[in-house]
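Have a look at the structure below before the remarks.
This one's a predicted model, so the numbers in the text were calculated from it and none came from an experiment. Below, chains carry the letters A, B, ... as their sequence lines are ordered, and counting in each starts from 1.
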2 protein chains.
Amino acid sequence: MQPTGHGHMNRVVTLTDVARLAGVSVATASKALNGRDQVKDSTRARVQEAAARLSFSPNRLARGLLAGRSGTVGLLTSDLEGRFVLPILMGAEDAFGAGQVNVFLCDARGDTIRERYHLRALLGRRVDGLLVVGRQTDPRPSLGRDIGVPVVYAYAPSDDPADLSLVPDNIGAGRLAVEHLLACGRRRIAHVSGELVYSAARDRAQGARERLAQEGLELVGDVMYGEWSERWGRDATAMLLAQHPEVDAILCGSDQIARGALDTARDLHRTVPDDIAVMGFDNWEVLTTNARPELTSIDANLQQLGHTAAQRVFAALEGIDIGSGEQALPGRLVIRGSTVARQ
Amino acid sequence: MQPTGHGHMNRVVTLTDVARLAGVSVATASKALNGRDQVKDSTRARVQEAAARLSFSPNRLARGLLAGRSGTVGLLTSDLEGRFVLPILMGAEDAFGAGQVNVFLCDARGDTIRERYHLRALLGRRVDGLLVVGRQTDPRPSLGRDIGVPVVYAYAPSDDPADLSLVPDNIGAGRLAVEHLLACGRRRIAHVSGELVYSAARDRAQGARERLAQEGLELVGDVMYGEWSERWGRDATAMLLAQHPEVDAILCGSDQIARGALDTARDLHRTVPDDIAVMGFDNWEVLTTNARPELTSIDANLQQLGHTAAQRVFAALEGIDIGSGEQALPGRLVIRGSTVARQ
DNA sequence: AACGTCGCCGAAAAGGTTTTCTGAATGTAG
DNA sequence: CTACATTCAGAAAACCTTTTCGGCGACGTT
């Protein structure tokens with residue numbers, strides 16, 4: 001074809017070529033390159049040089065076929081769009097890439113049919129393990145027990161307790177948030193959150209209430225469930241401050257909602273944090289570090305969660321029992337100016 | 001092991017098993033399942049039933065080894081974190097997934113060493129093609145001409161004109177933005193943008209200037225280059241309005257900057273859009289649809305770009321010449337309340 | 001009855017690598 | 001010089017699927 005152009009067509013170099021150049025058999029070449037003994041040092045050097053000269057890289061298809069394991073894992077997401085999937089994916093890719101494992105990415109886009117289709121494809125590729133990442137913390141249907149490879153669920157837990165699921169600890173996050181507000185001297189705390197159908201919203205509210213109860217306190221008013229949006233944050237905060245002007249802290253179910261709360265507080269000339277403290281969840285840096293004042297938030301450590309999930313898959317590959325059920329990973333408080341005045 | 005538990009250990013079913021159950025040879029079984037002729041209908045049915053009963057799925061490693069093509073492509077990103085990579089990735093995954101192709105995801109995290117490492121790994125896996133996605137529109141070093149498989153660069157173009165690169169048309173986007181502001185009756189347009197070192201910032205400014213020149217107009221003041229942040233948008237807008245109170249439109253280099261501009265305008269009691277029009281780039285919905293008023297923006301159609309890039313890789317796999325050089329894909333104007341008062 | 005044709009199935013090879021086993025050569029001890 | 005251990009290289013099988021080619025039986029034709 002094009003001898004100097006992009007040579008898509010030149011046959012790729014195989015172990016046979018290396019062996020021929022080094023003047024040995026393929027068996028010896030293989031052993032030399034894989035560091036097995038029974039090869040004289042001089043021979044090994046010759047083979048290695050030949051491999052380097054031809055820039056040989058072993059065909060992992062053939063290796064996988066023989067070994068019975070491909071050295072790949074499937075990453076099955078229900079929704080790439082979601083803001084929460086990406087950090088998990090990064091953490092997982094990072095953990096896998098450190099080994100010799102490569103990752104197949106599949107996006108089912110919330111469609112069960114497509115999910116089963118991708119599952120079949122991945123199993124056909126003989127992935128050694130599966131990581132299933134959902135977009136909500138609400139349980140999702142299990143892939144089943146007879147997949148043939150270890151499966152770990154991240155963010156969205158499986159509804160089968162025999163599966164292992166890694167989820168963020170939203171109840172703990174709610175407690176942590178209230179803990180911080182209490183430490184800031186706040187006592188009249190209201191909670192504006194997202195949609196009630198999300199267990200993340202309910203869990204955070206529960207954690208918040210529990211921690212308050214521990215001090216003999218209650219939330220000011222009912223939890224205001226609405227949308228996960230800045231707009232709802234603005235509107236809800238306006239209603240809240242009209243009805244309960246005495247609140248000294250607004251715990252928001254997400255950073256977006258908190259941004260809305262900050263806007264409304266500013267509109268109403270309530271100073272943050274002196275007059276009212278505001279905080280959010282998720283620690284979405286684009287939102288938190290550009291807010292006025294910068295926004296205190298609870299980081300769910302999602303990248304860590306992805307990393308841990310990948311390590312669990314790894315462990316399962318090694319034959320180690322990784323347990324089952326839901327394991328909740330703690331969040332982390334990130335303090336900024338919206339709860340603590342900077343000096 | 002655990003006969004009823006998660007059976008990771010049970011040998012996976014192979015074509016031989018199917019053939020034995022159906023009482024035919026593996027050759028016949030293969031032909032039956034792959035829809036080739038030379039198989040009696042009744043035999044084919046028997047094989048299909050056997051395959052279904054054993055839930056057989058052919059080993060794509062073996063198939064790939066034989067066919068010389070693996071049916072996979074590598075997606076090499078320089079940075080998963082970036083906001084621009086994800087939509088491209090979605091578009092690409094979508095396009096590939098529609099075929100029989102699966103995608104290996106690799107994140108080099110902006111590190112050249114890691115990139116070469118991943119490249120080797122992907123070539124060892126015998127990917128049929130590569131899609132390289134960068135995080136900036138500035139040129140990046142080519143992977144080289146002798147990869148052995150077709151490569152398409154998306155978002156960040158290759159510095160080798162012999163490679164094919166798909167990039168957003170930022171100059172056109174700048175023109176498009178000014179076009180819209182002119183259509184809204186604005187004549188005194190200022191431009192607040194991000195970091196000068198980004199070609200995206202320079203290109204958009206260039207496009208804006210070109211379109212203004214076409215009307216015999218110029219930007220009000222110099223382009224204000226700064227950070228891609230809300231904070232900079234606020235500060236720059238404050239300076240701008242102090243120095244040039246007569247501006248009737250602020251074109252912002254990103255939606256984040258535009259959000260900052262909106263904030264400052266509100267602080268200074270300048271009404272948007274009646275007094276000043278504001279618009280951004282990128283159409284980041286979280287920011288645009290929650291702004292007050294909602295933010296007009298230019299969408300770079302990144303998902304489309306990823307889709308197109310994937311199709312180019314596909315075409316190259318089919319042996320079709322996909323050309324070379326930079327191909328710029330047009331953006332799309334999304335009109336919202338920050339430039340046009342809603343009736 | 002002999003022959004050609006057609007439809008269907010199976011044997012075998014190929015793809016690239018790893019591993020096991022055999023065998024050759026060299027060195028060492030008796 | 002023989003017996004034996006040791007070191008290193010190669011032959012061959014295995015992994016699973018697809019494809020090619022040969023063969024076999026049935027059928028139709030002369």
Any salt bridge between [X] and [Y], counting N to O under 4.0 Å?
X        : Y        : result
B:Arg114 : B:Asp107 : no
B:Arg140 : B:Glu115 : yes
B:Arg145 : B:Asp163 : no

As a test of reading the structure: which of [options] is closest to the side chain of [X], going by heavy atoms?
X       : options                : result
A:Gln38 : D:dA11, D:dC8, D:dT19  : D:dC8
A:Phe56 : D:dT19, C:dT18, C:dT17 : C:dT17
A:Leu66 : C:dC21, C:dG16, C:dG15 : C:dG16
A:Lys31 : C:dT20, D:dT18, C:dG16 : C:dT20
B:Ala62 : C:dT17, C:dG15, C:dC9  : C:dG15
A:Asn59 : C:dT17, C:dC8, D:dA11  : C:dT17

Less than 4.0 angstrom between a side-chain N/O of [X] and OP1 or OP2 of [N], yes or no?
X       : N      : answer
A:Arg36 : C:dT18 : no
A:Ser25 : D:dG10 : yes
A:Thr28 : D:dA9  : no
A:Thr43 : D:dA9  : yes
B:Asn34 : D:dT18 : yes

Atom pair distance, as rounded to whole Å: [atom1] in [X] and [atom2] in [N]:
X        : N      : atom1 : atom2 : result
B:Arg69  : D:dT19 : CZ    : P     : 13 Å
B:Arg125 : C:dT17 : CZ    : C1'   : 14 Å
A:Arg20  : C:dG16 : CZ    : C1'   : 13 Å
B:Leu65  : D:dT19 : CG    : P     : 14 Å
A:Arg63  : C:dT18 : CZ    : P     : 5 Å
B:Leu15  : C:dG10 : CG    : P     : 12 Å
A:Asp37  : D:dC8  : CG    : C1'   : 10 Å
B:Lys40  : C:dC6  : NZ    : P     : 19 Å

Handout entry: Intermediate values then yes/no, side-chain contact (heavy atoms from CB on, under 4.5 Å), B:Asn301 and B:Leu329
Key = CA-CA 8 Å; B:Asn301 288 328; B:Leu329 272 68; over 6 Å; no

Exercise for the section: Report which part of the nucleic acid A:Arg60 touches: base, sugar-phosphate, or nothing (heavy-atom distance under 4.0 Å, all strands). Expected result: nothing

Handout entry: Sugar-phosphate only, base, or nothing, as touched by B:Thr14 at under 4.0 Å among non-hydrogen atoms
Key = sugar-phosphate

Practice task
Hey, can you tell me if A:Phe96 and A:Phe314 have their rings parallel, tilted or perpendicular (30° and 60° cut-offs)?
Solution key: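 Answer is tilted, since the angle falls between 30° and 60°.
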
Handout entry: Given DNA chain D, 5'-ward residue of the pair A:Val39 and B:Val26, judged by closest heavy atom
Key =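 Final value for this comparison: A:Val39.
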
Practice task
Without swapping roles, check the side chain of A:Thr308 against the backbone of A:Gln304 for a donor-acceptor pair under 3.5 Å.
Solution key: yes

